[in-house]
Amino acid sequence: MRQAGTYSGILSGGISGKTGPHLLPLARIKKIMKKSGEDVKMISGESPIVFSKACELFIKELTQRSWMVTMQGKRRTLNKEDVASAVMATDLFDFLVNLVSESGNSGEAPPPLELDTFTSS
């Protein structure tokens, strides 16, 4: 049975650590944001902070769901099949289904995604 994710913590928790260290590099996030489309010219200083927090929450959620799959298999090491199973079992991660199904069928890592794939040009 597929599970829906809940992200009410984003709304109630707010954005913490605006001036402190971040787990993900803000410069890299800003670079990715700028490459997302020709129309993206200016990005405020707060935007990469919000994206950084969103990425942290995304990684945490996917890891927790993948770990549940690992524990159900009575194992102690999370592997790519656990991540694929978590993606397939959760509606929230539908946008990743093609990515995990490609890597599961070929036995090798999928090619890296190109940012050009997401642009409208």
Side-chain angles (χ1 to χ4, degrees):
M1 176 120 238
R2 295 176 71 115
Q3 302 171 353
T6 56
Y7 280 95
S8 59
I10 294 174
L11 301 174
S12 63
I15 302 168
S16 61
K18 279 190 173 185
T19 58
H22 302 280
L23 296 177
L24 299 173
L26 298 180
R28 178 69 179 134
I29 292 171
K30 192 169 185 176
K31 186 176 183 179
I32 292 169
M33 290 172 71
K34 283 186 175 183
K35 287 185 175 182
S36 68
E38 294 175 7
D39 296 338
V40 180
K41 303 283 185 212
M42 300 291 288
I43 297 171
S44 72
E46 294 88 9
S47 297
I49 295 170
V50 173
F51 273 85
S52 175
K53 186 62 178 177
C55 290
E56 290 173 29
L57 293 170
F58 170 75
I59 292 167
K60 180 180 176 182
E61 182 72 19
L62 183 54
T63 302
Q64 288 173 341
R65 291 177 185 264
S66 300
W67 182 250
M68 289 171 38
V69 173
T70 303
M71 296 302 291
Q72 289 172 352
K74 296 183 173 52
R75 291 178 283 105
R76 297 180 65 187
T77 303
L78 190 145
N79 57 42
K80 68 179 183 176
E81 289 81 14
D82 300 326
V83 177
S85 294
V87 166
M88 299 299 279
T90 308
D91 288 338
L92 184 65
F93 301 132
D94 278 349
F95 67 99
L96 295 173
V97 169
N98 291 339
L99 180 69
V100 298
S101 63
E102 289 173 10
S103 66
N105 292 338
S106 65
E108 58 189 44
L113 293 176
E114 294 183 21
L115 291 175
D116 296 340
T117 306
F118 301 109
T119 61
S120 59
S121 56

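In the hydrophobic clustering of ILVMFWY residues, with side-chain heavy atoms under 4.5 Å counting as a link, Val69 and Met71 come out apart. Leu99 is connected to Val83 through a chain of hydrophobic side-chain contacts under 4.5 Å among Ile, Leu, Val, Met, Phe, Trp and Tyr, so both are in one cluster. Both Phe95 and Ile59 belong to a single network of hydrophobic side chains, linked directly or stepwise wherever heavy atoms of I, L, V, M, F, W or Y lie under 4.5 Å apart.
Closest non-hydrogen pair, Ala86 versus Thr90, comes out as O-OG1, 2.9 Å. Closest non-hydrogen pair, Ile43 versus Lys34, comes out as CD1-CG, 3.5 Å. Of all heavy-atom pairs spanning Leu24 and Cys55, the tightest one is CD1-CB, 3.3 Å. Here the shortest heavy-atom pairing between Leu78 and Trp67 reads CD1-N, 3.6 Å. Nearest heavy-atom pair across Val100 and Val87 is CG2-CG1, 3.9 Å.
At a threshold of 4.5 Å between non-hydrogen side-chain atoms, the residues Ile29 and His22 do not count as touching. Using a 4.5 Å cut-off on side-chain heavy atoms (C-beta onward), Thr70 and Thr77 make no contact.
Atom-to-atom distance recorded for Thr63:OG1 and Asp82:CG is 11.0 Å, nearest 0.5 angstrom. With rounding to the nearest 0.5 angstrom, the CE atom of Met42 is 11.0 Å from the OG atom of Ser47.
The closest donor-acceptor contact from the side chain of Ser52 to the backbone of Pro48 lies at 3.5 Å or more, if one exists at all.
A centroid separation of 6.0 Å or more is found between the aromatic rings of Phe58 and Phe51.
A salt bridge links Arg65 with Glu61: the closest approach of a Lys/Arg side-chain nitrogen to an acidic carboxylate oxygen falls below 4.0 angstrom.
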